[in-house]
Amino acid sequence: LPRKVAIILGLCIILLSVPRIIYQVYQNVEWVSTKKGFLVDNLRLAATDYLRDKIPNDSLVLIDSSFLEMDSTTPLVSFLSNKRMYLSGEGILDSHGISTQERSVIKRRIIKDNDPMTVAKDIFNSKINYIVTSNSVSLSATESANFLDIVYYNDASRIYRVSYGDLEH
């Protein structure tokens, strides 16, 4: 009897799993065929190429989610650029029990805060070397500050290098 129960239980698990697999495959095919799926445009790929090819390997990079929204759920920019990220793929990290709350707060402050001293302190304490944003984002505190230099720019993105010599802490 236990063997029969195990077989029946195994069949039930398989039968309950198959519809989800079929649905997900169908959904993926539909997204790709209608171009609603996740695409990385050439301008953003060019920015990740710059990160990969032009910045030092030991650099720490902060990616604003406006640059590539998918990066908040999966570490796509890290994969494409082969660089260390300050916070990338929060969705995967959170789902594996790794807390991203503190870094998320700091990341949000760096991108959105209007106080250059707060931003400078967060960048300095976090040891961030580069910040990547989309062109639609204006770094409120840092655009007029003297501790970020634009090192790469295209119609979709900006890459800033932190100038630690000019960074007051």
Side-chain angles (χ1 to χ4, degrees), residues 28 30-96 98-169:
N28 290 345
E30 183 178 325
W31 285 344
V32 170
S33 64
T34 60
K35 297 192 179 191
K36 291 181 185 174
F38 179 69
L39 300 173
V40 180
D41 63 67
N42 288 335
L43 292 172
R44 284 176 176 76
L45 285 175
T48 61
D49 287 348
Y50 181 89
L51 289 173
R52 183 189 65 232
D53 299 336
K54 304 288 185 189
I55 73 167
N57 287 333
D58 61 348
S59 298
L60 184 60
V61 181
L62 182 140
I63 303 292
D64 178 36
S65 56
S66 70
F67 171 70
L68 197 59
E69 191 175 323
M70 182 75 155
D71 196 66
S72 64
T73 56
T74 183
L76 188 60
V77 177
S78 177
F79 173 76
L80 293 173
S81 67
N82 197 28
K83 296 297 182 223
R84 294 180 321 126
M85 299 291 141
Y86 178 74
L87 183 60
S88 183
E90 295 99 303
I92 289 176
L93 294 171
D94 288 336
S95 72
H96 286 83
I98 299 169
S99 176
T100 61
Q101 185 175 3
E102 182 180 343
R103 284 191 177 207
S104 291
V105 168
I106 292 169
K107 176 179 171 179
R108 190 170 29 259
R109 270 199 315 254
I110 290 171
I111 300 299
K112 306 233 183 251
D113 201 294
N114 291 323
D115 178 17
M117 293 308 289
T118 300
V119 172
K121 180 181 173 189
D122 283 340
I123 290 172
F124 182 80
N125 290 338
S126 301
K127 298 178 176 47
I128 293 169
N129 303 106
Y130 290 86
I131 299 173
V132 181
T133 69
S134 72
N135 270 347
S136 63
V137 170
S138 171
L139 295 177
S140 302
T142 55
E143 219 159 59
S144 62
N146 61 358
F147 53 84
L148 286 183
D149 302 318
I150 295 176
V151 293
Y152 180 85
Y153 179 92
N154 67 25
D155 289 339
S157 57
R158 279 182 237 171
I159 300 175
Y160 299 89
R161 181 183 58 231
V162 176
S163 177
Y164 275 92
D166 297 328
L167 186 64
E168 295 181 28
H169 55 280

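Only heavy atoms go into these numbers, but all of them, side chains included; no hydrogens, no water, no symmetry mates.
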K.L.:
Identify the two heavy atoms, one from S134 and one from S66, that lie closest to each other, and give their separation to 0.1 Å.
P.N.:
OG-OG, 3.1 Å
K.L.:
Please round to the nearest 0.5 Å and tell me the distance separating atom CG of D64 and atom CG of L87.
P.N.:
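Answer rounded to 0.5 Å: 11.0 Å.
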K.L.:
Go through V151 and Y160 one step at a time and tell me if the side chain to side chain contact (heavy atoms under 4.5 Å, CB included) criterion holds.
P.N.:
CA-CA 6 Å; V151 293; Y160 299 89; over 6 Å; no
K.L.:
Run the side-chain hydrogen bond (donor to acceptor under 3.5 Å, both in side chains) test against S81 and tell me which residues pass, sequence neighbours left out.
P.N.:
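For S81 there are no side-chain hydrogen bond (donor to acceptor under 3.5 Å, both in side chains) partners, ignoring immediate neighbours.
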K.L.:
One pair to check against side chain to side chain contact (heavy atoms under 4.5 Å, CB included): S126 and L60. What are the steps and the verdict?
P.N.:
CA-CA 9 Å; S126 301; L60 184 60; 5.5 Å; no
K.L.:
Looking at CZ of R44 and CG of L80, how far apart are the two atoms once the value is rounded to the nearest 0.5 Å?
P.N.:
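Taking CZ in R44 and CG in L80, the distance rounds to 12.5 Å.
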K.L.:
Can you tell me if N82 has over 12 outside heavy atoms packed within less than 6.0 Å of its CG?
P.N.:
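12 or below, so no.
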K.L.:
Not counting sequence neighbours, which residues clear ring pair (Phe, Tyr, Trp, His ring centres under 6.0 Å) with Y50? List them please.
P.N.:
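So Y50 forms a ring pair (Phe, Tyr, Trp, His ring centres under 6.0 Å) with Y152.
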K.L.:
For the atom pair OG1 (T100) and CG (L93), what is the distance rounded to the nearest 0.5 Å?
P.N.:
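Reported value, rounded in 0.5 Å steps: 6.5 Å.
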K.L.:
Any salt bridge between E102 and K107, counting N to O under 4.0 Å?
P.N.:
no
K.L.:
For side chain to side chain contact (heavy atoms under 4.5 Å, CB included), just list the numbers for I110 and Y86, CA-CA rounded to whole Å, side-chain angles, deciding distance to a tenth of an Å, and then say yes or no.
P.N.:
CA-CA 12 Å; I110 290 171; Y86 178 74; 5.6 Å; no
K.L.:
OG1 of T118 to CG of D113: how many Å apart, nearest 0.5 Å?
P.N.:
5.0 Å
K.L.:
Begin from the C-alpha positions of L62 and V132 and carry the test side chain to side chain contact (heavy atoms under 4.5 Å, CB included) through to its verdict.
P.N.:
CA-CA 6 Å; L62 182 140; V132 181; over 6 Å; no
K.L.:
Looking only at heavy atoms, what is the nearest atom pair of V162 and Y130, with distance?
P.N.:
CG2-N, 4.3 Å
K.L.:
Between K83 and S59, is there a donor-acceptor pair closer than 3.5 Å when you use the side chain of the first and the backbone of the second?
P.N.:
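Between the backbone of S59 and the side chain of K83 there is no qualifying donor-acceptor contact (under 3.5 Å).
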K.L.:
Less than 4.5 Å apart, side chain to side chain, heavy atoms only: is that true for D149 and S163?
P.N.:
yes
K.L.:
Quick one: do the N129 and R161 side chains pair a donor with an acceptor below 3.5 Å?
P.N.:
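The answer is no; no qualifying pair exists.
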K.L.:
Where do R158 and Y153 come nearest, in terms of heavy atoms and distance?
P.N.:
CG-CD1, 3.4 Å
K.L.:
Work out which heavy atom in A46 is nearest to a heavy atom in N154; give both atom names and the distance.
P.N.:
CB-ND2, 4.2 Å
K.L.:
Minimum heavy-atom separation for V61 to I55, with atom names?
P.N.:
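Taking every non-hydrogen atom into account, CG2-CD1, 3.7 Å.
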K.L.:
At their closest point, which heavy atom of M85 faces which heavy atom of S78, and how far apart are they?
P.N.:
CG-CB, 3.5 Å
K.L.:
Working to the nearest 0.5 Å, report the span between OG1 of T133 and CD1 of I159.
P.N.:
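So the OG1 of T133 and the CD1 of I159 are separated by 9.0 Å.
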K.L.:
Hey, could you give me the CG/CG distance between L43 and N135, rounded to the nearest 0.5 Å?
P.N.:
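Result: 9.0 Å between the selected atoms.
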